[in-house]
Amino acid sequence: MICPRCGSSSVRLSRMRPSDLVRLLLLQRPVRCHVCLHRRFVNVLLALRLRNKRAGGDERRVPS
Ligand SMILES: [Zn+2]
């Protein structure tokens with residue numbers, strides 16, 4: 001996945017916010033570019049592909 005703003009490929013899944021629930025209902029998930037910090041929404045299937053791309057690294061939620 002390529003960031004449309006800076007063209008970088010270091011785009012990761014972004015943390016979900018309560019306001020993202022509406023987007024989630026539309027089958028979209030937030031992703032964030034780690035270079036320019038541009039946040040955007042992509043289809044959940046694309047987001048899943050993004051997650052599977054990482055070898056063994058899972059984003060565990062740390063209870064605060
Ligand atoms: Zn970017």
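Ligands are counted one by one from 1 in listed order, and the atoms in each one are counted from 1 as well.
Scanning all heavy atoms of the two residues, the minimum distance from C33 to C36 falls at SG-N, 3.5 Å. Considering all non-hydrogen atoms of both residues, V31 and L13 come closest at CG1-CD2, 4.0 Å.
With the Zn ion (ligand 1) at the apex, C3 SG and C6 SG define an angle of roughly 110° (rounded to 10 degrees). Rounded to 10°, the angle formed at the Zn ion (ligand 1) by C36 SG and C33 SG is 110°.
At a cut-off of 2.8 Å, H34 does not coordinate the Zn ion (ligand 1) through any N, O or S atom. Using a cut-off of 2.8 Å, one finds that H38 contributes no N/O/S atom close to the Zn ion (ligand 1).
With hydrogens and angles disregarded, a donor-acceptor distance shorter than 3.5 Å links the side chain of R32 to the backbone of L37.
Residues V11 and L46 are members of one and the same hydrophobic cluster, defined by side-chain heavy-atom contacts under 4.5 angstrom among Ile, Leu, Val, Met, Phe, Trp and Tyr.
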